[in-house]
Structure formats: C-alpha cells, structure tokens
Amino acid sequence: MRTIEWDDKKEAVKLIDQTLLPREYKIAEFKTLEELIDAIQRLKVRGAPALGAAGAFGVVLACINEKSKNAIKKEVERLKKARPTAVNLSYGVNRALDAAMSGRTMQEMKEYALEEAKRIADEDVAVNKKIGDYGSELLEDGDVVLTHCNAGRLACVDWGTALGVIRTAIEKGKRIEVIACETRPLNQGSRITTWELLQDEIPVTLIADSMSAVVMRERKVDKVMVGADRVVKEGVINKIGTYMHAVVAKEHKIPFYVAAPLSSFDLKRSYKEVEIEERSPEELIFFAGKQIAPLEVKVYNPAFDFTPFELIEAVITEKGIISINHK
Ligand code: MRU
C-alpha cells in the first residue's frame, strides 16, 4: 500500500507505522484527529510530502468528528502545529480546509475535504515521478549517490523525491548505488531508507553520519542527493546533518542536489523565521530503550538544519531543475 491512504469503509486514515520499521511492517489506523496528531509527533508518519497528505486527511477527520465550521478550524490549528518545520503540513491542511469550508452541510464539508485530500495524495505521486524524470538526467550510469534521512516512498505518498530520482534513473537503465547515512538520532536512514531500497533491490551501503567526510574524500561518492522540508529565500531546511554533508561535499567538489516538490517552497520566508523543531532530550539519552547518556546531561536536539544555496548545485522540482548560479 501507499505510505498513507484513506479507508472509505472505516472512515479512517491508514498508514505504515514507520516507528516499527525495519523489524515490523504494520498498518496503523486513526479515526480521530487526536490520534493522528500523536502519530505525527511520534513520527509514525513523517517526511514533508507525507505530512502534507496526513494534514489533509486530518481535516477530514475533523469534519467527521466536529459539529461546526468554527470547531473544525480550531482543531486543525493544532494539527498544523504538530510539527512546525516542514511547510507541507500547513499546505495540506490549508488546501483541505479551504475545500471543506466551501461546503454548506457537515456532510458536504467532509466530502469536499476528502476529495481534496485524495487529490493531494495522487498529485504527490505524479509530482515525484516528474521530479524523478528531471533529476534522473543528472545521474550517470555507475554513480554512487549519498543520501541523508529518508526522502523516499515512505517520506511521500509513494515513489519519493531524492530516492524517486534514483528509482527513475534505475528504471531508465542506469546502474546506481546508494550510500545511506544513518541519520541520528532517530535513524530514518538506517531504519527506513535501507529498508525501502532493499525492498526494491537497489544496492545500498549503510554508514554512520560521521563517516560521510571520509567516503567523500576517498571518492566513494559521485553525488549527494537529499530532500527538503522547506525551501526558503536563502537555501534549504532539511533533516539535521544535511548541512554537514553539504559543507563536506563542497570541500571535495562533489555536486550536492536537493529534490523537492514546489509544495515545499516557501520563498517569501527567511530561514531565520522558520521554527526548527526541537525534540525531546530522551532521543539522545536513550537508544532503543537503553540509557546511553547520563539522565541529567544537558541536551540540544534540533531536528532540522539550514543549508545555504552556496553549497547546493541544483534543486530538482516537478517543473524542472533550478541550477544555482554560484558566480
Ligand atoms: O523528521 P522527519 O523524518 O520527518 O524528517 C524528514 C526529512 O528531513 C526529509 O529529508 C524531508 O522531509 C524530505 S522527504 C521527501
């Protein structure tokens, strides 16, 4: 199934619970906004485009469970704030909410929100295929591509952005290998990227984040390709660690690419105006339920970082490739 879907019979959001991968593949179902917000905050569903679809389906849940337009509007404000950094969550919520508000009855509001949410989900897959088409031209037969976090099927409704580019290049007959960075502290790279690539029999090698400088210096990487949570005026906000790989890639003259749908663009805003989600200290103090640091230690745990355009070769969108002029 897709990463996230609507179940018409049960009137519920269904999604692949990503916190359980790779040990267990389980579909979770949610019938209330409260449960969906909790799932978003725990990263059962994650990745900017998937959050866009989740936000839109969340509006449908609000339409089913609330009794007035005002109550729906109030509830979805909480949904938008569930994770503040990826712009797609608000984008999905706003589109479905606008559709809902054009309904006259509660039933119409639900129907309109659902139509829009399904449209957003379908569009995401089509957009990723287009990103794949454009981006695959940047990859050559035999390339080894380093990626960070998970910008694959599971970060989207299907196909993926950065990993979608790799999938399309392989579909076009190019031999591509991937180096997946672990992506501490929540290990989206080691848990999710490696799992989804192995499912598709795409060759992948796992490294710890701290190894990226060495693999780049040793010329074991031809290109870096990542996704984005938000593209702003001066660059790209993405998973913590992205900036580090971009600095290293620049030093070693390895092209650094970002693949992102236009729904992740927020060009009116500066990175300084975007809230970078800070997550719980427990994510660093514990690992897989085991304590790995003193309980009382002070922790800094931002979930995302900012990479300036100076370090980026090009941004791949569904409308084409934006090459960055470095003068
Ligand atoms: O905290 P996460 O797992 O939601 O972070 C995801 C990322 O940073 C992805 O790289 C980004 O959303 C792009 S996904 C196509």
Side-chain angles (χ1 to χ4, degrees), residues 2-4 15-19 21 39-55 82-92 121 124-125 127-132 135 145-167 178 180-193 195-196 209 224-232 235-246 256-266 274-280 283 301-307 312 315-318:
R2 288 175 166 186
T3 302
I4 181 161
L15 52 89
I16 301 170
D17 183 345
Q18 299 188 39
T19 57
L21 290 172
I40 289 172
Q41 287 173 335
R42 288 177 193 273
L43 273 56
K44 289 185 181 192
V45 60
R46 46 145 298 281
L51 288 176
R83 292 195 75 198
T85 308
V87 69
N88 306 62
L89 180 57
S90 305
Y91 169 85
D124 182 57
V125 186
V127 157
N128 289 339
K129 292 277 175 122
K130 285 198 180 130
I131 290 175
V145 181
L146 182 139
T147 192
H148 189 67
C149 194
N150 172 265
R153 275 189 207 295
L154 287 153
C156 303
V157 177
D158 205 348
W159 201 248
T161 55
L163 298 189
V165 168
I166 291 165
R167 282 198 168 92
V178 179
C181 295
E182 187 184 23
T183 318
R184 285 282 292 142
L186 293 181
N187 291 63
Q188 289 91 332
S190 57
R191 293 186 303 104
I192 302 170
T193 293
W195 182 83
E196 76 162 73
D209 302 326
V224 180
M225 177 91 59
V226 297
D229 286 89
R230 201 184 281 240
V231 181
V232 290
V236 169
I237 294 171
N238 191 48
K239 177 55 56 195
I240 190 79
T242 303
Y243 174 53
M244 170 180 80
H245 301 312
F256 186 97
Y257 297 113
V258 175
L262 293 172
S263 57
S264 299
F265 279 56
D266 188 14
V274 178
E275 182 181 344
I276 299 291
E277 177 184 2
E278 269 194 49
R279 295 189 57 88
S280 152
E283 292 180 353
N301 186 16
F304 301 95
D305 62 24
F306 164 71
T307 300
I312 298 170
V315 181
I316 307 153
T317 75
E318 67 271 33

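Just so you know, ligand 1 is whichever comes first in the structure, and atom 1 is the first atom listed for that ligand. Numbering of residues begins at 1 and proceeds along the displayed sequence.
Geometrically, ligand 1 and Gly47 share a nitrogen or oxygen pair separated by less than 3.5 Å. Checking only distances, Asn238 does come within under 3.5 Å of ligand 1, N or O to N or O.
Ranking the protein heavy atoms by distance from atom 3 (O) of ligand 1 puts Arg46 NE, 2.5 Å first. Of all protein heavy atoms, the one lying nearest to atom 7 (C) of ligand 1 is Asp229 OD1, 3.3 Å. Atom 4 (O) of ligand 1 has Arg83 NH1, 2.8 Å as its closest protein atom, hydrogens excluded (heavy atom only). Scanning the protein heavy atoms around atom 15 (C) of ligand 1, the nearest turns out to be Thr161 OG1, 3.0 Å.
A side chain to side chain contact (heavy atoms under 4.5 Å, CB included) with Cys156 is found for exactly one of Val127, Asp124, Leu51, Asn88, namely Asp124.
Donor-acceptor pairing under 3.5 Å is recorded for the side chains of Glu283 and Asn301.
Between Arg230 and Asp266 there is a salt bridge, since a side-chain N of the basic residue sits under 4.0 Å from a carboxylate O of the acidic one.
Residue Ala86 places every heavy atom at 4.0 Å or more from ligand 1. Residue-ligand proximity: Ala303 is placed with every non-hydrogen atom at 4.0 Å or more from ligand 1.
Distances from atom 1 (O) of ligand 1 to the heavy atoms of Arg279, Lys239, Glu277, His148 show the closest one on Lys239. Evaluated by nearest non-hydrogen atom to atom 12 (O) of ligand 1, the leading choice among Ala260, Gly160, Ala48 is Ala48.
Looking at heavy atoms from C-beta onward, Val236 lies out of side-chain contact with Thr242 at the 4.5 angstrom threshold. Side-chain atoms of Asp229 and Val87, non-hydrogen and from C-beta on, never get closer than 4.5 Å to each other. With a 4.5 Å cut-off on side-chain heavy atoms, Arg46 and Ile192 count as touching. For the pair Asn128/Asp158, no side-chain contact is recorded, criterion being any heavy-atom separation below 4.5 Å from C-beta on. Inter-residue side-chain proximity for Thr193 and Leu163 is flagged as met; some heavy-atom pair is nearer than 4.5 Å.
Within a 6.0 Å radius of OH in Tyr243, no more than 12 heavy atoms belonging to other residues, nucleotides or ligands are found.
Counting atoms of ligand 1 from 1 in the listed order, those under 4.0 Å from a heavy atom of Gln188 are 1 (O), 2 (P), 3 (O). For ligand 1, the atoms closer than 4.0 angstrom to any heavy atom of Ala155 are 14 (S), 15 (C).
Both the backbone and the side chain of Ala151 come within 4.0 Å of ligand 1, counting heavy atoms alone. Under 4.0 angstrom from ligand 1, there are no non-hydrogen atoms of Ala50.
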